[in-house]
Amino acid sequence: MDPGEGVRHVLSTRSGHRHGDRPERRAGGHQPGERRSPSRRVDCRHGVRRPHTHRVHHRGDDPAPRRRDPYRHPARRRPDRPRRPCRSRGGTARGAHEPGGGTVTTRLRIAPSPTGLLHIGNARSALFNWLYARHTGGVFIVRIDDTDTARSRPEYEQDALDGFRWLGLDWDEGVGVGGPHGTYRQSDRLDRYRQVAESLLADRKAYWCFCTPEELEERRNQARQEGRPSGYDGRCRTIPSESAAERKAAGEPAVLRLAVPRPGETTFTDVVRGEMRFDHANVDDFVILRSDGSPTYHLASTVDDVDYEITHVARGEDLLSSTPKHILITRAMGAPVPTYAHLPLLFGPDGRKLSKRHGDVSVRAYRDAGILPEAMFNYLALLGWSYGEDVTVFTREEAIARFDLSDVSKNPAVFDPAKLEWMNGVYIRDLSADDFADRSVPFVERAIGRTLTDDEKRVFADVAPLIQERVKNLVEVAPMVTFLFTDEIEYDEKSWRKVLGHETAPGVLAAAIERLEQVDSWDHDTIEAALRGMLDDLEIGARRGLQPIRVAVTGSSVSPPLFESLEALGKERTLRRLRDVAGRLGS
RNA sequence: GGCCCCGUCGUCCAGCGGCCUAGGACGCCGGCCUUUCAAGCCGGUAACGCCGGUUCGAAUCCGGUCGGGGCUACCA
């Protein structure tokens with residue numbers, strides 16, 4: 001049973017809650033009828049800020065001076081644009097329009113590699129791409145980067161798609177939904193990559209390399225020792241193409257490498273990092289086709305970006321130093337270079353790139369742990385971006401309205417599960433009682449190992465509001481209500497010892513049984529009145545007088561409020577448990 | 001080793017030369033409330049890495065330094 005499946009349908013039902021700014025809460029909290037616009041609670045002065053100076057694009061000596069400016073995408077050139085009443089900031093990242101007035105649709109993509117469960121870092125990248133696409137009214141595409149045939153698995157592809165859907169990131173083109181570019185799966189496009197590679201070879205922009213791995217490693221070590229760049233040294237570049245072709249035809253193993261122009265450099269403007277400049281002395285002639293004829297990531301990914309007319313590439317900063325390679329391929333194909341935005345990496349608590357060794361780093365794990373998709377969405381949006389001063393909790397729509405790639409932070413962000421949990425609690429408490437109950441049932445059923453009967457579901461729905469304000473995630477629900485759905489109570493050893501072990505416990509239990517037997521109308525008010533009367537008679541405090549009942553009935557000193565719990569349990573079962581425990585204490 | 005990126009509370013963000021005795025959120029600590037646990041409310045803790053420079057004035061600009069991270073594969 002997969003609890004995650006049970007909660008998915010509610011994704012689209014949440015249209016607008018709002019909270020997070022305390023003044024409003026104090027002033028009366030939510031006002032359901034009123035849809036507050038983000039601009040009303042966030043200061044508008046940001047809108048008049050000048051653009052970052054480092055965003056200014058000045059054309060360096062790009063290695064392709066003949067063409068006037070064929071590589072920059074029109075979508076990013078807009079120097080000024082109609083101002084919205086309130087925008088977060090200036091910046092050049094947005095731009096669904098070109099100066100002439102024509103409209104260029106932004107096209108962004110996420111390209112998960114199905115070699116493992118969807119990683120939180122990838123989910124965050126997907127989220128940012130999605131936000132920007134939605135903000136600009138553009139197109140969001142999901143493609144599958146499965147050129148690593150050895151590690152790619154269909155179930156991981158499914159997991160990624162499930163994860164995106166769960167987060168509410170819908171896509172307009174791509175795997176599952178189709179579009180004008182085939183299957184959007186790289187393993188289906190091998191011919192296309194080979195074709196590009198061949199034309200690169202024909203244009204002398206790529207060449208065969210016959211160096212063996214051993215030779216490469218030796219020379220790499222050598223270069224490293226001498227303090228030179230350790231990339232490929234270009235040895236095979238001088239092999240005459242005819243003889244290279246002959247050797248290749250004769251069956252000699254070879255990889256195809258891109259002939260990086262030398263000397264030269266590649267410059268580009270990164271939306272989050274500003275002006276970037278890479279001397280080709282540090283960009284080696286990298287492999288684009290493996291010896292088995294398959295494309296490398298650099299080739300396949302870039303060809304896809306070109307073919308799918310991607311206008312903005314927002315991805316992790318770990319790809320920043322590969323960007324010149326991608327630009328080089330793009331230019332070699334004669335295509336316009338997209339706008340790049342390199343997002344800060346997500347770190348684990350140890351300050352290193354978030355990875356499996358940090359524990360749960362898959363979206364799936366958090367989903368199974370009872371994290372709400374809207375909470376994950378909100379939390380992820382905060383990693384490297386902020387809605388605005390003093391606002392932490394916001395809706396999807398509010399995020400879309402405000403998001404801009406140029407506002408993304410440059411600093412790596414530590415993923416903090418504690419804050420996610422807090423935020424999840426906020427969203428849980430904001431759910432309607434029914435919604436909360438519906439989403440929780442699968443988790444309860446998973447915990448007790450069976451489905452709930454309709455009667456039990458009704459009982460659960462009655463107590464659910466009491467649980468709702470006490471949990472930070474949905475897996476915490478089950479332990480608080482299992483006492484309702486089983487008569488084989490497992491008593492918490494510590495609770496038993498501390499509470500029932502106290503000398504006053506037997507007397508309290510006996511008195512409680514006596515009182516409760518008299519209760520005809522089994523509702524929490526009447527129960528409370530009866531037990532309060534008992535407290536008075538015994539001249540005992542609530543702590544000493546009520547806790548024994550709680551432990552006896554629920555098995556733990558931690559439970560939902562007592563009187564409501566007894567009501568939900570029913571008179572018979574309550575008394576049975578009290579008598580049972582009283583008997584055990586007596587013997 | 002080489003190249004590149006980054007440096008504000010423990011953590012995530014705000015800050016765009018004077019509004020900063022640096023703001024918010026999580027966490028943590030204390031208090032209130034209270035039938036347990038939560039929630040809620042109130043209060044507190046805690047940061048501009050360092051050194052120079054520019055400037056009347058720098059967290060904000062520049063340089064250096066130190067520190068952290070990424071890349072450096074026929075992985076993506």
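Chain A is the first sequence line, chain B the second, and so forth, proteins listed ahead of strands; every chain is numbered from 1.
- Proximity note for A:L382 (side chain, C-beta onward) versus B:G70, B:U35, B:C12: the nearest is B:C12.
- Across the strands present, B:C3 finds its partner in B:G70; the criterion is a Watson-Crick or G-U wobble pair with both atom distances under 3.5 angstrom.
- Using Watson-Crick or G-U wobble geometry with both donor-acceptor distances under 3.5 Å, B:U35 finds no partner in any strand shown.
- For the P atoms, the distance from B:G70 to B:C32 is 47 Å, rounded to whole Å.
- Straight-line distance between the P atoms of B:G31 and B:U36: roughly 15 Å, to the nearest whole Å.
- With B:U35, B:G69, B:C12 as the candidates, the nucleotide lying closest to the side chain of A:V414 is B:C12.
- A distance of about 13 Å separates the P atoms of B:U60 and B:C19, rounded to the whole Å.
- Taking 3.5 Å as the limit, the base of B:G1 and the side chain of A:S230 contain a donor-acceptor pair of atoms between them.
- For B:U8, one of the phosphate oxygens OP1 or OP2 lies less than 4.0 angstrom from a side-chain nitrogen or oxygen of A:N411.
- The side chain of A:R532 places an N or O atom within less than 4.0 Å of a non-bridging phosphate oxygen (OP1 or OP2) of B:U35.
- Base contact: A:P560 has a heavy atom under 4.0 Å from a base atom.
- The residue A:G384 sits close only to the backbone: its heavy atoms come under 4.0 Å of sugar-phosphate atoms, none of a base.
- Remark: B:C26 base-pairs with B:G10; criterion is Watson-Crick or G-U wobble with both hydrogen-bond distances under 3.5 Å.
- Ring pair A:Y491/A:W496 is perpendicular by interplanar angle, where above 60° counts as perpendicular and below 30° as parallel.
- Side-chain contact between A:Q468 and A:V477 is absent, with no heavy-atom pair separated by less than 4.5 Å.
- Between A:R220 and B:G2 there is no side-chain polar atom (N or O) within less than 4.0 angstrom of OP1 or OP2.
- Between A:R235 and A:D285 no salt bridge is recorded (no basic side-chain N to carboxylate O distance below 4.0 Å).
- Phosphate proximity of B:A39 to A:K472: absent, as no side-chain N or O sits under 4.0 Å from OP1 or OP2.
- Ranking B:C13, B:C5, B:A76 by closeness to the A:S386 side chain, first place goes to B:C13.
- The side chain of A:R352 places an N or O atom within less than 4.0 Å of a non-bridging phosphate oxygen (OP1 or OP2) of B:G69.
- Taking a 6.0 Å sphere around CD of A:E215, one finds it holds more than 12 heavy atoms contributed by other residues, nucleotides or ligands.
- A donor-acceptor contact under 3.5 Å links the side chain of A:K419 to the base of B:A25.
- One N or O donor and one acceptor, one from the side chain of A:S291 and one from the base of B:C74, sit under 3.5 Å apart.
- Relative to the side chain of A:R429, the nucleotides B:A25, B:U35, B:A39 differ in distance, and B:A39 lies closest.
- Between A:F415 and A:Y366, the two ring planes are perpendicular [angle over 60°; tilted spans 30° to 60°].
- Nearest to the side-chain atoms of A:S322 among the listed nucleotides B:A76, B:C13, B:C26 stands B:A76.
- A salt bridge does not link A:R402 to A:E398: none of the charged side-chain nitrogens sits closer than 4.0 Å to a carboxylate oxygen.
- Each of B:G69, B:C12, B:C74 was ranked by its minimum atom distance to the side chain of A:F347; first place goes to B:G69.
- Contact check, A:S294 against B:C74: no side-chain N or O comes under 4.0 Å of OP1 or OP2.
- In this structure, of B:U36, B:C6, B:C74, it is B:C74 that holds the atom nearest to the side chain of A:L216.
- Comparing B:C71, B:A38, B:A76 by their closest approach to the side chain of A:L319 singles out B:A76.
- Here A:H342 lies out of heavy-atom contact (under 4.0 Å) with every strand.
- Distances were taken from every side-chain heavy atom of A:S113 (C-beta onward) to each of B:A76, B:C5, B:U35; the shortest belongs to B:A76.
- Nucleic acid contact for A:L383: sugar-phosphate only, since backbone atoms but no base atoms lie under 4.0 Å from a heavy atom of the residue.
- You'll find a donor-acceptor pair under 3.5 Å spanning the side chain of A:R470 and the base of B:U36, going by distance alone.
- Ring pair A:Y297/A:H326 is perpendicular by interplanar angle, where above 60° counts as perpendicular and below 30° as parallel.
- Residue A:N282 has no polar side-chain atom (N or O) positioned under 4.0 Å from OP1 or OP2 of B:G2.
- Contact annotation: side chain of A:R550 to base of B:U35, donor-acceptor pair present below 3.5 Å.
- When each of B:C5, B:C12, B:U35 is scored by its nearest atom to the side-chain atoms of A:A413, the top-ranked nucleotide is B:C12.
- Spacing between B:G30 and B:A46 at atom P, rounded to whole Å, works out to 16 Å.
- Nucleotides B:A47 and B:A59 are separated by 15 Å at their P atoms, to the nearest Å.
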